[in-house]
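A quick write-up on the structure given underneath.
Because only heavy atoms are used, hydrogens play no part in the values below, and waters and symmetry mates are left out as well, while side chains stay in.
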Amino acid sequence: MNIFNSIKEKFVNKHPWEKYYPKGKRTVKVPNMSLYEFLRTSNKDNLDSIAINYFGKKLTYEELLVDINICARSLRSQGIRPGDIVSICLPNTPECVISFYAINKIGAIANMIHPLSAQEEIKQSIIATKSVILITANFTYSAIKNVIDDTDVYKVVLVSARDSMPTMMGIGYYLLEDCRVEVPSKSEKYLTWKNFMSRGANYKGKVLVKTTKDQPCAILHSGGTTGVPKNILLTNGNINVVVEQAKVMLPELDRTDKMLSILPMFHCFGLVECIHFPLCLGASTILIPKFDAARFDKLLTKYRPTIIPGVPTLFEALIKNKHMRNIDLSEVKYVVSGGDSLSPDKNAAVNKFLKEHNCHHHIIQGYGMTETSGGVIFGGLGSDELGSVGIPLPGNEVKIVSVDTREEVPFGEVGEIMLAGPTVMLGYLDNEKETNEVLEKDKKGKIWVHTGDLGYLNENGVLFFVQRLKRMLIVSGYNVYPSHIEEVLMNHPYVLNCGVIGIPHPYKVQVPKAFIVLNEDVKLNSKVKDEIKDYCKKNLAKYMIPKEFVYRESLPKTLIGKVNYRELEKDSQEKEL
């Protein structure tokens, strides 16, 4: 660096994004309490308002807090102590919300699992987190019955999506779905939700456990920057502070608003921004356990949400829905996209659609990762320049560093995106090595997260995402790591070698495609292909299963002998053309 640049560096504003914040809002205070306490204190004068709307059946804040207390007593009656880990494997239902806050109320930790996970994934998550109780969807029983005895779980609570539905809808759901679900024979290990909730009736011991902002409250899942599945430990403060940050960035919201909560609670965006934020704001959450793109118009007509958060695939469904022609979106205050970057063309198409349907606002993008409790960057307060993902939420910081030297680079130069702030995770559970590779402490003691993504900052401090440094796919908004799929495939006795890439998909954005080399003694035929597909169905979540399987005699290699994924991608593109 020459003398001129050195002098310039001393006077440059390191945080130019702060000019977007309202006066006095450069930082926010982290609430020093549990998630449950924050929810309760935020609504002590709001008890009659609607907290949850589930297919038209509504829970007030008072009813929600009562149910959380009953669930907390039931958990204590079953032996759950502060610090214990309880796994939740549910879609967006009232039982999922109630369980999550009840676990937090008693000082325990919630491990959030995707209910469509393969049985081995559920098993490994339970084992890795040392969970002792599993609260799960009843349709997962056929998968977990074979593996649950290999874990420390001593009680399984089975929840049906119809448990909280209006009566007539519940009957219809039973006839169409539940009547076909396998149920366990009578066993003390398995309880229905109703039976479980009744267990707390006679519990007279202590329920509420006071916890601080620094204590762990939730375990969420990600491949981190290396693609290896990890358990991310978040604190009360990590999640609670997002509420305070969001209040600054979304100033038009109040208790009269309604959040369309399509994004699932096992997803950080869904849990933090779509459930905890609106509930602590005192607004209503509209729980959608299963999103159907073809019925999007009916959701908007029936519930009239004022906040629509989603991943790019959701907005693709929005603008392609043939029944949206006469839908009025004039009540919508915010449309927020996260989970993946929205291309400028797609951004423009969504904005055009919103304008045509009387919405007075345009779509806003955000950026973050599970390791930072979801969104860290957000295009609010007028910072949403075309193609950008916005500015740091109050109290957060962003910098761009050289991939090679890890030195900070000037505005406009592309490098790795690094994030810091009160939302940064405690670390990966029982994985100090990976934690130390992702978290970096600077000379002032500040903790920075290596995102594994490339981007740049302009002179206004607005972040522009460029591409992923790590090899990761985004399938319908979910992170999918090819290395994990490859590891599963390599465990099959027929497979000698394999490589997984992402290919474009008209709705899901990307889907995995697997290239497989079989062992010399295995003859390729339909039976072999079917066995490998069935193996994937058993060991991978539904959205991770390759869309295509290609069998080859060999795979292209790099000069150092690794699978050449760029060559596979090139071959795949040429074949498409």
Just verifying a value: how many Å separate I68 CD1 and L39 CG, rounded to the nearest 0.5 Å?
5.5 Å
Nearest heavy-atom pair of Q245 and P394: which atoms, and what distance?
NE2-O, 2.9 Å
Heavy-atom closest contact (F269 atom, P309 atom, distance)
CZ-CB, 4.1 Å
What do the steps show when you test V332 against L300 for side chain to side chain contact (heavy atoms under 4.5 Å, CB included), and what is the final call?
CA-CA 10 Å; V332 174; L300 298 177; over 6 Å; no
Answer with yes or no whether the side chains of T256 and D254 bring together a donor and an acceptor at under 3.5 Å.
yes
Does K399 reach the main-chain N or O of E408 with its side chain, forming a donor-acceptor pair under 3.5 Å?
no
Just by distance, do the side chain of T435 and the backbone of N431 share a donor-acceptor pair under 3.5 Å?
yes
Residue pair T211 / C217, side-chain heavy-atom distance below 4.5 Å:
no
Is there side-chain contact between V241 and L393, with at least one heavy-atom pair below 4.5 Å?
no
Does a side-chain heavy-atom distance below 4.5 Å link E252 with H361?
yes
Spell out, as yes or no, whether a donor-acceptor pair under 3.5 Å connects the side chain of N111 to the backbone of V86.
no
Minimum heavy-atom distance F266-M112, with the two atoms named
CA-CB, 3.9 Å
Give the minimum heavy-atom separation between I327 and H357, together with the two atoms involved.
O-CD2, 3.1 Å
Taking the side chain from N351 and the backbone from A348, do they hold a donor-acceptor pair closer than 3.5 Å?
no
Has D48 got more than 12 heavy atoms of other residues, nucleotides or ligands less than 6.0 Å from its CG?
no
With a 4.5 Å heavy-atom cut-off, do K446 and K441 have their side chains touching?
no
Indicate, with yes or no, if the rings of Y101 and Y36 have centres closer together than 6.0 Å.
no
Backbone of L263 reached by a side-chain donor or acceptor of N92 within 3.5 Å
yes
Apply side chain to side chain contact (heavy atoms under 4.5 Å, CB included) to R406 and M418, showing your working.
CA-CA 10 Å; R406 293 197 171 183; M418 295 190 69; over 6 Å; no
Might you confirm whether atom NZ of K258 has over 12 heavy atoms from other residues, nucleotides or ligands at distances under 6.0 Å?
yes
Determine whether I474 and M472 make a side-chain contact, defined as any pair of heavy atoms from C-beta on separated by less than 4.5 Å.
yes
With a 4.5 Å heavy-atom cut-off, do P22 and L381 have their side chains touching?
yes
N236 side chain vs L35 backbone, donor-acceptor pair below 3.5 Å:
yes
To the nearest 0.5 Å, tell me how far S34 OG sits from K213 NZ.
14.5 Å
Please work out which of the three classes, parallel, tilted or perpendicular, describes the rings of Y367 and F465, given edges at 30° and 60°.
tilted
Side-chain donor or acceptor of Y20 paired with backbone N/O of G461 under 3.5 Å
no
Can you tell me which residue among N240, T285, V242, L253 is in a side-chain contact (heavy atoms from CB on, under 4.5 Å) with F277?
L253
What pair of heavy atoms forms the shortest contact from D384 to G379, and how long is it?
CB-O, 3.2 Å
Distance from Y481 atom OH to K230 atom NZ, nearest 0.5 Å?
7.5 Å
Sidechain N-carboxylate O distance under 4.0 Å for K210, E37
yes
F296 and L260: CA distance, side-chain angles, deciding distance, side chain to side chain contact (heavy atoms under 4.5 Å, CB included) verdict:
CA-CA 11 Å; F296 205 166; L260 187 62; 3.9 Å; yes
Taking C-beta and beyond as the side chain, do E397 and P392 meet within less than 4.5 Å on heavy atoms?
no
Set out, in order, the CA-CA distance, both residues' side-chain angles and the distance that settles side chain to side chain contact (heavy atoms under 4.5 Å, CB included) for S383 and N460, then state yes or no.
CA-CA 9 Å; S383 67; N460 291 321; over 6 Å; no
Greater than 12 external heavy atoms within 6.0 Å of K19's NZ:
yes
Quick one: are L90 and M265 in side-chain contact, heavy atoms under 4.5 Å?
no
Within this structure, what is the CG-CG distance for the pair L299 and N321, rounded to the nearest 0.5 Å?
10.0 Å
So, taking the atom named OG in S373 and the one named CG in L234, what distance separates them when rounded to the nearest 0.5 Å?
4.5 Å
For G282, does its backbone N or O pair with a side-chain atom of N46 as donor and acceptor, under 3.5 Å?
yes
Do you know which two heavy atoms are closest between T129 and I219, and how far apart they sit?
CG2-CD1, 3.8 Å
Lys/Arg N to Asp/Glu carboxylate O, E244 vs K29, below 4.0 Å
no
Atom pair CG/NE2 of N347 and H362 - distance to nearest 0.5 Å:
8.0 Å
For the pair N231 (side chain) and S125 (backbone), establish whether a donor and an acceptor sit closer than 3.5 Å, ignoring hydrogens and angles.
no
If you draw a 6.0 Å radius around CD in E432, do more than 12 non-hydrogen atoms from other residues or ligands fall strictly inside?
no
Any pair with a residue in residues 299-312 that passes side-chain hydrogen bond (donor to acceptor under 3.5 Å, both in side chains), sequence neighbours left out, goes on the list, sorted by first then second residue, please.
D257-T306, R304-E331
Measure up the Y478 and H267 rings against each other and bin them: parallel (under 30°), tilted (30 to 60°), perpendicular (over 60°).
tilted
Residues, nucleotides or ligands: over 12 heavy atoms within 6.0 Å of K247 NZ
yes
Going through the checks in order, is the side chain to side chain donor-acceptor pair (under 3.5 Å) test met by S330 and D328?
CA-CA 6 Å; S330 59; D328 179 48; 2.7 Å; yes
Using modelled atom types and a 3.5 Å cut-off, is there a donor and acceptor pairing between side-chain atoms of N32 and backbone atoms of T212?
no
